[in-house]
Every structure is written in C-alpha cells, then in structure tokens.
Amino acid sequence: MNDMTPTREQREAQLQGMGCKRKRVEDIRFTQGKGNYVDDIKLPGMLYGDFVRSSHAHARIKGIDASKALALPGVIAVLTAEELKGLNLAWMPTLAGDMQMVLADGKVLFQNQEVAFVVAEDRYTAADAIELVEVEYEELPVLVDPWKAMAPDAPVLREDIKDKTEGAHGRREHYNHIFKWQVGDRPGTDEAFARADVTIKETFYYHRTHPCPLETCAALASFDKVKGELTLWGTFQAPHVVRTVASLLSKIPESKIHVIAPDIGGGFGNKVGVYPGYVCAIVASIVTGRPVKWVEDRMENLSTTSFARDYHMTTELAATKDGRITAMRVHVLADHGAFDACADPSKWPAGFMNICTGSYDIPVAHLTVDGVYTNKAPGGVAYRCSFRVTEAVYAIERAIEVLAQKLGMDSVDLRMKNFIRREQFPYQSALGWEYDSGDYYMAMQKALDAVGYKELRAEQARKREAFKRGETRELMGIGVSFFTEIVGAGPSKNCDILGVAMFDSCEIRVHPTGSAIARMGTKTQGQGHETTYAQIIATEIGIPADDIMVEEGNTDTAPYGLGTYGSRSTPVAGAAIAMAARKIKAKAQMIAAYLLEVHEDDLEWDVDRFQVKGLPEKFKTMKDIAWVAYNAPPPGMEPGLEAVSYYDPPNMTYPFGAYICVMDIDVDTGVAKTRRFYALDDCGTRINPMIIEGQVHGGLTEAFAVAMGQEIDYDEAGNVKGASFMDFFLPTAVETPYWETDYTVTPSPHHPIGAKGVGESPHVGGVPCFSNAVNDAFAFLGSTHIQMPHDPWRIWKAAERLGLHQ
Amino acid sequence: MIPGQFAYHRPSSIEQAVRLLADLGDEARPLAGGHSLIPMMKLRMAAPEHLIDLGGIADLKGIRDRGASIIIGAMTTQNELIHSDLLAAKLPIIRETSLLIADPQIRYVGTLGGNVANGDPGNDMPALMMCLDAAYHVAGPSGNRTIKARDFYEGAYFTALQEGEIVTSVEIPVPPAGHGYAYEKLKRKIGDYATAAAAVVLSFSGGKVATCAIGLTNVSETPLLAEEAAEILIGTALDPASIAKAVSAAEAITAPASDGRGPADYRTKMAGVMLSRALQRAARRAAA
C-alpha cells in the first residue's frame with residue numbers, strides 16, 4: 001500500500017451511505033426549473049379536458065344541454081354520464097368498497113361535483129365551453145351536519161343503495177349510514193369505567209381539511225387505437241395500483257396499460273385515489289383517438305379531490321385517583337361526504353384509528369366508528385399521516401390533557417406514569433397492534449430537559465398571576481404531545497388495497513463497470529427517494545451513492561409496488577432495497593471467493609469490498625466483482641449481477657416522538673404566537689439526517705397550518721367555503737415558527753436496517769402539540785377543550801366565553 | 001381559473017385612455033396593477049371585452065411635492081411609495097400602510113390608484129386616504145374634476161367615479177410637523193386583507209389632542225371615517241376612558257361581513273382593538 005491508498009474512513013465517506021447528510025440529488029433539476037411534471041408533457045395533437053361542475057350541493061339533474069358548447073369552434077366532445085354508461089364507466093369503485101359517480105348520474109351530491117367533461121383543442125376553449133353547457137337542476141334538501149345524517153327524516157343521499165342493508169364493511173343501520181366498525185372489548189371497558197375513580201369524556205372535533213400539494217392533480221391519457229395500448233401519465237402516488245384499477249375498469253389487459261408518474265410536486269395523500277378527471281381523460285382519449293390532458297386548478301383541488309379528517313371523536317378515559325389509566329372508550333362519527341372514497345387499506349374502514357390508545361399501557365379499550373354520508377366532497381385521505389393516525393393521536397393526546405386537568409396532575413407526569421415501558425416491547429395493545437420498539441420515557445425526559453420544562457411552568461405561573469392582576473393581556477400556553485405512529489402498511493396478513501397485498505419491491509442491477517440502477521415500486525413526491533434509497537444501497541453493497549440511479553414511477557420498468565403514502569416507503573420499500581442488495585452481496589461474495597481462491601467463509605465485508613480475514617491487502621472491491629460477474633463469472637455461475645426483492649413486512653413500524661410548544665396568546669385579538677417549538681423524533685435508524693430534518697420541518701409546518709387555521713368548511717346550503725388561498729391557510733415563511741429538532745434512535749427490531757419512517761410523524765405529533773398549547777393557555781380558567789382550528793377568531797371566542805373581555 | 005377572451009389596449013396618454021374608455025363603453029375596464037381585476041377575470045366574475053392598460057402612461061407616475069400637499073400619480077406602485085424619501089419625511093403613515101399590503105411581489109405591481117379607485121372595502125389605502133382627507137384627481141369624457149376621498153366611496157365596488165372616468169392622481173394635504181400616526185392591521189397571514197384595520201393621524205397641543213382623524217378598513221361595505229370617535233378625543237389627554245369612549249363610537253359605525261376572518265361581532269371588536277392600539281402608538285409618536 002502506498003500513501004495514495006484511501007483509508008477506510010475515506011472509502012466510507014466516498015460511499016455517502018446511511019447516516020450521511022447527502023444533498024438531495026433531485027434538487028439539481030428542481031431548483032433549476034428542470035423537473036418534468038405532468039403539465040410539462042405535451043404530445044402531438046393533444047386535447048384538453050375541463051369539467052362542468054355542480055353549483056348545488058344536492059339536486060336532481062333535469063337535463064344537460066351541451067349544444068351551445070359543441071357549437072363553439074375548437075370543442076371536440078362533451079361527455080356526460082350518459083356517454084360513460086355505454087362503457088359502463090358512469091360509476092367507479094372506490095378504494096373503500098363503495099361506488100362513486102365519475103360524472104353526475106341523475107343527481108349531484110356535493111357542490112363542485114363533476115357533471116360533464118368538455119374536450120377541446122386548447123384549455124382556453126375548454127374553459128369557455130364549460131360556461132356554455134346548460135344544466136337544469138331541481139334542488140333537493142341538503143344534509144351538511146353529520147349528526148343529523150341518521151335522523152329518520154334525513155334526506156336520502158345515495159338513492160343507488162338506499163335499500164341496501166349490507167355495505168362493504170357490514171350492516172348499514174340507515175340509508176345514510178356507511179358502516180359501523182368496532183374494535184376492542186366492550187364489556188371489559190364498560191366494567192373498568194364503572195369501577196374507575198375518575199373518568200373524563202370530551203368530544204374532540206378534528207375538522208375537515210385538505211392536503212395541499214403545490215402541484216394539483218393531473219393526468220394525460222393517450223390511447224393508441226392501432227396497438228390497443230393506453231399510456232397514462234399522472235400525479236400518482238401509487239402508479240401500479242392505478243394500472244390495476246384502470247385495467248379492471250377498462251378491460252384493457254394490464255400489459256397494454258403503461259402508467260407513468262413523472263416528477264410529482266407533493267402528494268400528502270391527495271394523489272393516492274383515482275379521480276373522475278383521470279377516468280374522463282382516458283375515456284376521452286379512447287373516444288377521440290387523441291391524447292387528452294386534464295389538470296385541476298386550485299379551487300377544484302381544494303373543493304373536490306380528497307379531503308382529510310372530519311372526525312367527531314367522543315373520547316373517554318378512566319383512571320385511578322393517582323393517575324393510572326384503566327380504560328379508554330372512543331366513539332367516532334366520521335363524515336365521509338357523498339361517497340366513501342377513503343384511501344385506506346381495504347379492510348380498514350377507519351384506517352388505523354385503533355392506534356388511539358397511543359403511547360400508553362391502557363389495559364382495556366373499545367372503539368366504535370360510524371361512517372355517514374353527507375352532501376360534501378368525498379375523500380378521507382391520510383393527509384401527511386398513516387391512515388387516520390393523526391385523528392387517533394389527537395384524541396388520546398387531548399384526552400390525556402383533560403384527564404390531567406381533572407386529576408390536578410401535570411400532564412407530563414400523567415404521561416410518564418402510563419407510558420408503555422421499554423421492557424414491555426414488543427407490546428400488544430388493547431386494540432390489537434403489536435408495537436415493535438420504543439423508549440418513551442427517555443425521549444420524554446430528553447425533551448423536558450431540552451426546553452427547561454420546569455422553568456417554563458414556573459414562568460407560566462408568574463404570567464398567570466400577572467394576568468389576573470391586569471398587568472398583561474397575554475396568556476402563555478405550553479403544549480406537550482407524545483405520539484406513537486403506526487406506519488409501513490403493511491403486512492399482507494392485514495393490509496391490502498382491493499385485494500392487492502401491500503408489499504413493496506426493489507430491483508437492483510449492478511452494471512459491469514460498477515455503477516447501478518435501482519427500480520422501485522414506490523413513488524417519491526418530494527421525499528427524496530433518489531437520494532436516500534441510493535444511500536441504503538451504497539452502505540449495503542459498497543457502491544458510491546453517486547453511482548446509483550434510482551428510478552420510480554414507470555410501471556413498465558419498475559417492479560410492482562403499492563406506492564408511497566402512510567410513511568411506507570422506508571419501512572417497506574427500504575426493506576426491499578436492503579434485501580435485494582443482500583442477494584447481490586451474496587453472489588458477489590461467491591465471486592470474490594473464487595477470485596481470491598479462498599472459501600466464502602474466509603471473507604469479510606469491509607465498506608466496499610470483500611477481503612480475506614486477517615489479510616486486508618487481499619481483497620476484491622464491488623467494482624472489481626461487477627466486471628467479473630458479467631465477463632468472467634466462476635464456472636457454472638450465471639453471468640450478471642442483479643436482484644429483485646418483494647418485501648412483505650412482518651409488522652408495521654412504530655416511530656414515536658416528544659414535542660413541546662410554547663405559545664403566547666393575545667386574549668384581545670385571539671392571535672397566538674408560537675414562541676418555541678421543540679420536536680424530538682425517533683424514527684429508528686436514520687438514513688439521511690438532513691432529509692429527516694427537512695421532513696420534520698415540512699410536517700410541522702403542515703401541522704401548524706391544520707391546527708391553527710386550515711379548514712374546508714361548508715355553509716348550511718352545502719356551499720364549500722374557503723376553497724382558495726384567500727381563505728385556506730397555507731402558512732408562508734413569515735407565519736411559520738422556528739423549529740428545533742432533536743432525536744433518539746430506537747431501531748425497529750424486525751426491519752432489515754432498523755428504519756421506521758419519518759415523513760408523517762411531525763404532522764401526527766405536531767397537531768395535538770399546537771392544540772394542547774392553545775388549550776393549556778386557558779386551562780387554568782376551567783376550560784377543558786377548545787375546538788380546532790385555532791384561528792384568531794375562535795381563540796377570541798373562547799376567551800369571550802371565559803369572560804376575559806369584560 | 002382561465003379568463004374569458006378580451007382585447008388588450010395600452011394607451012400612452014391620459015387623453016387616449018379616456019377616449020378608448022369612452023369609445024368602448026361598458027365592455028372596457030381600465031387596468032392598473034391588476035391584482036383585483038385579473039383574479040376576478042380568472043374566476044369569471046368579471047368578463048370585460050377590453051382591458052385598457054394604464055401602465056404605459058408616463059403622466060400617471062411619480063410623487064411631487066407641492067408644499068402644503070403631495071401629489072402621487074395613480075400608477076405609482078406601493079413599492080415606490082415605500083421607497084419615497086419625501087413620503088417618509090412628510091407622510092410616514094403611507095409607508096407604514098404600504099408595508100402591510102400583501103407581499104413584496106404584489107407591491108412591485110400594485111398601484112395607489114388601483115387600490116383607491118376599485119372600491120374594494122378590503123383595500124388599505126381608501127380608509128387611510130379618508131383619514132388624511134386626500135382628494136382624487138379624475139379625468140373623464142366630460143373633462144377633469146376632483147373628488148374628496150371622504151365623498152368617493154358609495155358601496156362595495158361602487159364609487160363616485162362616472163362611466164369612463166379614471167383616477168389620475170391622489171393629492172394629500174401634508175399633516176403638521178410633529179403629528180402622530182399609526183396604521184394597525186390585523187390579518188390572518190401575509191397577503192390577506194384586514195380582519196380589521198385602523199388608521200390614525202393626530203396632533204397634540206399642550207398635552208391635549210388638537211386634531212384627530214380616524215379611518216377604518218374592511219369593517220363595512222365601504223372604508224369608514226370615524227368622525228364621532230375622533231371628535232370625542234379632541235381636547236382629551238387620550239386617557240383610557242376617552243379611548244374607550246372613542247372605541248365604542250367607532251365600533252358603532254361598523255357593519256362587517258361574517259367571513260373566513262371571523263364573525264361580524266369579532267370583526268367589530270377587532271376594529272375597536274386596532275383603533276385603541278393605533279391611538280396609543282400615534283400618541284407615542286406625536287410631539288406633545
């Protein structure tokens with residue numbers, strides 16, 4: 001060896017493997033405006049589609065006259081439900097086992113519902129033409145309040161199923177009832193409540209909101225009549241699922257459908273489902289024989305494609321007088337809008353709401369969820385969270401605060417007392433989950449120390465006294481949340497989408513000169529997969545991350561996978577990567593043994609090479625091995641160096657974290673200023689600390705938005721309010737608080753690299769933390785719960801109710 | 001979010017603009033910064049067939065010192081207002097208010113004339129102009145005239161402008177040296193219209209309020225001049241009791257809409273809170 005020989009550390013650094021703050025490789029194109037999004041794609045002869053939408057929330061359609069639109073030069077076609085019926089596509093199945101209108105069939109059920117699809121030579125003509133389509137409506141009574149959905153005289157929304165007493169998830173108790181989902185031990189829970197020293201009951205409304213990716217949903221369909229092939233570009237978080245659904249609906253063989261998700265500008269759950277725009281673009285392309293593009297605008301996005309939340313959660317806790325929680329009971333009234341289009345694994349009508357016992361060792365619990373129809377847009381997607389996990393964590397983390405208040409305890413002490421202890425993992429929860437690993441006490445303690453919790457409480461006490469003396473009009477709130485996420489859906493034993501098991505996949509090909517390509521079943525929308533996946537491979541097989549290309553989104557080239565949402569990419573696809581890489585490594589070891597003329601067992605792996613144990617100067621690098629694998633493999637061995645892995649996870653992963661927020665609230669205006677926000681996340685093994693930090697910043701910002709003002713609301717007539725950026729709260733850099741991030745590392749014991757996923761944790765933990773801060777500010781005045789969103793007027797109203805403006 | 005078809009005109013003089021508006025009639029709309037009109041067109045709530053872009057008219061630009069008053073060309077942008085040394089010295093409340101309008105990108109394009117002439121109660125400048133007792137110079141088919149800001153606003157998007165008239169400049173009397181001023185605006189986020197806002201200009205003499213004018217933004221169909229509230233304060237030392245009385249008087253003339261910014265009762269109270277804070281800040285800035 002001479003001086004030029006790189007040291008082990010230098011070789012390791014060159015890999016930019018796991019643990020390295022590698023810069024995001026995709027940002028090179030994004031920051032230069034060189035990304036390639038659906039709307040960037042232009043095909044010869046391409047047409048544009050635009051929707052005629054309902055102005056009413058509930059009305060019968062008496063007639064549609066498209067003659068004036070069709071007479072406008074440049075208009076090619078106007079599709080209505082009548083046209084789609086010929087193809088049996090007026091309705092489509094939802095991921096939740098319901099049927100959804102593609103175009104209004106006889107009636108409309110929510111404002112802005114798709115009524116007709118106009119296809120024109122350019123998008124300007126299409127926009128002019130939709131104004132010319134005349135729709136005659138007969139208004140029907142509107143159902144907005146989900147609490148009135150099951151009243152005996154409630155308007156019948158879904159005439160198509162009004163006499164059906166069995167739904168996809170069991171018995172329907174009313175024509176506006178979708179399902180009743182029950183988990184847990186009801187008699188045991190009732191008994192524990194009957195015996196409890198202390199109980200609390202509070203209804204927490206987690207309001208309806210909407211994921212808000214920078215890029216709205218879009219699709220471009222091109223049907224080749226000669227070959228009988230359909231190519232579909234779209235904003236798809238799960239392109240393979242779209243291909244399967246498209247094949248089932250259109251009867252075109254899956255082999256003749258090419259689904260391509262190019263660069264995607266954010267998803268947050270908004271781009272999981274299948275929307276009428278996709279179906280109409282496909283049908284229009286088949287009908288016209290030309291490519292058809294559909295891109296929704298912001299108001300269409302906010303008011304039609306997949307809302308999130310809208311859970312009314314009546315939450316009860318039972319406890320001993322010294323603060324030991326003995327039982328939990330939750331009833332959820334879930335407002336699903338006009339169709340049940342929740343994007344959950346098919347057997348889970350309320351997602352993983354049964355994670356609602358949170359981070360606590362609660363011996364017995366019972367959960368009931370009733371889903372109902374209303375005259376609102378369909379959806380119910382997991383907006384930056386695993387399925388219904390933000391709702392679940394909100395319920396338990398608010399309930400803990402209310403219980404602490406009743407017990408006269410600090411809520412942190414109550415949490416500490418009830419945490420699942422480190423030695424209890426793997427932990428079986430009362431509602432059926434097996435938590436993989438955690439050290440909650442250590443995380444909580446680290447967070448408390450970091451913010452100086454005791455001093456903050458002392459300061460708060462002083463401020464409250466000053467407030468009572470009239471020396472200040474500001475109240476200080478300290479919000480704490482401790483969350484456990486459940487991500488990585490999921491094990492095929494309990495997770496599927498329309499029967500497709502929720503595995504994920506990776507195919508790695510090492511090229512002869514030692515670079516590689518990895519293709520995945522997931523699809524990045526900004527998460528940085530091209531960066532982090534390469535880091536996993538780099539560490540596993542010793543090829544520098546810069547020499548590894550990661551490709552996703554093209555169903556022709558990528559192995560089948562279930563896509564990216566619910567923080568499943570790292571837990572599921574990340575595992576598939578490690579498993580595929582290990583297959584390559586195993587073959588490489590055989591080749592190295594052959595080349596070095598030793599037994600395989602006499603070799604050891606060292607960063608980027610196999611070396612003979614005890615003789616580090618005798619080695620073969622992965623690069624050396626790759627050349628040999630193709631060009632001079634050992635006798636009897638197939639040439640090549642590639643592998644594919646389909647990974648069916650044995651369990652979910654359970655990231656967790658401790659968040660603390662300090663807020664100052666002006667009681668005269670209701671304006672709440674976040675003075676400080678500290679977030680400790682434990683996502684197991686950390687692949688790229690910089691990307692984790694970025695994910696935490698983004699998730700916290702969306703949590704801040706949702707908790708402090710972001711909502712989709714309806715008036716009594718079913719008019720959607722606030723579906724534009726004038727009202728929909730999307731915080732800018734000015735409003736966004738400064739984030740302090742921290743971490744502990746508790747690897748997942750069942751994951752090949754111990755990683756748990758992090759993209760959604762900050763949202764799950766952030767929302768209750770902000771809400772707890774607002775609520776904590778007023779708790780000393782006897783207030784138990786103030787509903788979200790905590791925009792200034794609602795906070796002011798809460799202060800008003802407490803008599804603070806006299 | 002795609003507007004209907006329209007023809008675009010870009011005259012180079014006020015006369016040409018006035019003639020175009022007269023010739024094209026009802027279907028023509030003047031375009032200043034476009035931050036109100038273009039979104040309305042994209043929503044197809046406005047569908048003018050002709051847009052007369054005033055951006056090419058040199059005579060509509062600039063800030064001129066007339067001694068007792070300052071004349072600001074209608075097409076002067078909010079960014080230019082912010083960076084004017086003359087305004088900073090003589091009318092600092094204009095800079096303070098401009099900085100609370102939307103965001104820097106919008107202020108590069110948004111104009112004073114567009115802001116005052118559109119009649120949108122959410123705009124910040126109208127209440128300030130009423131507070132400052134500004135006058136709008138107007139050109140139209142029957143010649144030029146001047147309308148006081150205090151007489152200009154008739155309803156939401158309804159103003160004293162006659163058909164074919166455009167605001168060419170805004171003339172503002174310079175308040176006395178040593179005056180106190182403040183513009184207090186409550187908004188949900190950068191870029192939002194006011195939940196409520198208050199403009200105050202006052203002066204003291206011998207420790208008592210000598211002059212006082214109050215404008216209120218976005219708490220009624222039009223911007224409001226709170227005359228009674230101002231009257232109550234004259235001759236007082238701006239003590240808490242007087243402020244409370246003035247706030248009540250100001251609240252009494254509000255009639256805000258309930259919207260995403262909050263219900264009407266909240267917005268009325270916020271007008272009061274903003275006024276109270278503006279008065280106290282103006283007082284701190286004023287010479288005794």
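Just so it is clear, the model here is predicted, and its values are computed rather than measured. Protein chains get the first letters and strands the later ones, always in sequence-line order, with residue 1 at the start of each.
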- Could you tell me if the ring centre of Y48(A) sits under 6.0 Å from that of Y124(A)? no
- Residue M1(B) versus chain A: region with a heavy atom under 4.5 Å: both
- Query: Taking the six-membered ring for Trp, are W796(A) and H805(A) parallel (under 30°), tilted (30 to 60°) or perpendicular (over 60°)?
  - Reply: parallel
- Task: Assert yes or no for the condition that the ring centre distance of F770(A) to F704(A) is strictly below 6.0 Å.
- Result: yes
- Query: Is it the side chain or the backbone of I190(B) that comes within 4.5 Å of chain A heavy atoms, both, or neither?
  - Reply: both
- Under a 4.5 Å heavy-atom cut-off, does chain B meet the side chain of M708(A), its backbone, both or neither? neither
- Message: Report which part of E131(A) has an atom under 4.5 Å of a heavy atom belonging to chain B: side chain, backbone, both, or neither.
- Response: side chain
- Please confirm whether R261(B) makes a cation-pi placement over Y193(B), using NZ or CZ under 6.0 Å from the six-membered ring centre and within 45° of the ring normal. no
- D715(A), part contacting chain B, at a heavy-atom distance under 4.5 Å: neither
- Note on the structure: Among P263(B), G4(B), G260(B), the residue with the most heavy-atom pairs under 4.5 Å to chain A is P263(B)
- Assert yes or no for the condition that the ring centre distance of Y137(A) to H56(A) is strictly below 6.0 Å. yes
- Message: Taking every non-hydrogen pair under 4.5 Å, which of M299(A), R794(A), K797(A), K721(A) racks up the most with chain B?
- Response: K797(A)
- Max heavy-atom pairs within cutoff under 4.5 Å with chain A, candidates D192(B), D265(B), D259(B), goes to D265(B)
- Who among V734(A), T669(A), T732(A) has the most heavy-atom pairs with chain B under 4.5 Å? T669(A)
- Would the W739(A) and F677(A) ring centres measure less than 6.0 Å apart? yes
- Message: My understanding is that only one of H9(B), E27(B), R29(B) makes a side-chain hydrogen bond (donor to acceptor under 3.5 Å, both in side chains) with H50(B); could you say which?
- Response: H9(B)
- Under 4.5 Å from a heavy atom of chain B, the part of R123(A) involved: both
